Amino acid sequence: VYGTKEIMTFSVPVSLTQYLGLLTLYMDSLMLGYFKNSADVGIYSAAAKFVLFIQLPLTSFNTIFGPMISDFFSRNEMNKLEDLYKVVTKWIFTLSLPVFMLFVIFSGPIMEIFGEGFVLGATALIILGGGELINAATGPAGLIILMTGRPRINLWNAFIFGLLNIMLNLFLIPKYGLNGAAIATGLSIAVINLSKLVQVYFFLGIHPYKSDYVKPFIAGLLSSSVVYLISCNMRLISPVMLVILSILFVGLYGLIIYL
């Protein structure tokens, strides 16, 4: 049975981390609106919404993985925890990579779904997607830090992320506009998640990588190359053709992963 002190020691940093997350969630859009105009904010927000698709595998696996972390850690079964960490991270990355590759190949047509003017957000889509792909590639590192009894580390991570994001936005938005906001946020996401990866290894001595991690890379490169060559011969990619090419890409990617 946990006492009030133990509960508060854990829950207060978690709550503060959530509040900081909410404060920084829209900071890039707010600062973009301050330095530029509402049109840029609209384009940027559309790109940011698409990027949420890269986060879905990580969010889904975190729901399942969380209780397992605390169970293995409480029984000091670190080998099992590391094995599970490797498997989960591999599948998160495997499921996230094709979404990012589709953003890279079809960033223009994807953004054009919202309207012709939204094509200006194609580069921002790729940049934000790159940051979230690194988030996926590091796996549930933040969740491991939390579920092994180190919520204050996550609180510091949230604080550093927010500060870094604000500073980069202040520097990059006036010069590069919505792409500057994307660089600031994408880079902040990448830096803080790579830091979490290092923290997990420092505190627990485990990491999520093994040799077969390279297979999704190969599948992504081969599949994207084929689909990109096909798309290069098309003068215009309609929404219907975008769906067809995306299905082709996913089919090729899945086939190579299966082989």
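Start at 1 with the first residue, then count along the sequence. Note that this is a predicted model, so its numbers are computed, not measured.
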Do other residues, nucleotides or ligands put more than 12 heavy atoms under 6.0 Å from [X] [atom1]?
X	atom1	answer
F203	CZ	yes
M167	CE	no
Y209	OH	yes
K210	NZ	yes
Y228	OH	no

So [Y] and [X], do their side chains get closer than 4.5 Å, heavy atoms only?
X	Y	result
D83	V87	no
L164	I192	no
I173	Y44	no
Y34	L30	no
V200	I206	yes
F249	P98	yes

- Message: Quick one, N165 with T24, criterion side chain to side chain donor-acceptor pair (under 3.5 Å). Give me CA distance, side-chain angles, the key distance, then yes/no.
- Response: CA-CA 8 Å; N165 194 19; T24 57; 5.9 Å; no
Is there a donor-acceptor pair closer than 3.5 Å between any side-chain N or O of [X] and the backbone N or O of [Y]?
X	Y	value
K36	V41	no
D28	N169	no
S224	L221	yes
Y213	A137	yes
S96	F93	no
S74	D71	yes
S45	G42	no
T138	N135	yes

Atom pair [atom1]/[atom2] of [X] and [Y] - distance to nearest 0.5 Å:
X	Y	atom1	atom2	answer
R150	Q199	CZ	CD	10.0 Å
S238	E112	OG	CD	10.5 Å
M147	F72	CE	CZ	13.0 Å
F103	E132	CZ	CD	10.0 Å
I64	I69	CD1	CD1	12.0 Å
K215	I218	NZ	CD1	9.0 Å

So if you build clusters from Ile, Leu, Val, Met, Phe, Trp, Tyr with side-chain heavy-atom gaps below 4.5 Å, do [X] and [Y] land together?
X	Y	result
I126	L242	yes
L32	I127	no
I189	L52	no
L229	L222	no
I183	L194	no

- Check step by step if side-chain contact (heavy atoms from CB on, under 4.5 Å) holds for I145 and N157. CA-CA 11 Å; I145 293 169; N157 287 334; 4.2 Å; yes
- Query: Between F50 and F114, does the ring centre distance come in under 6.0 Å?
  - Reply: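 Between F114 and F50, which both carry aromatic rings, the centre distance is below 6.0 Å.
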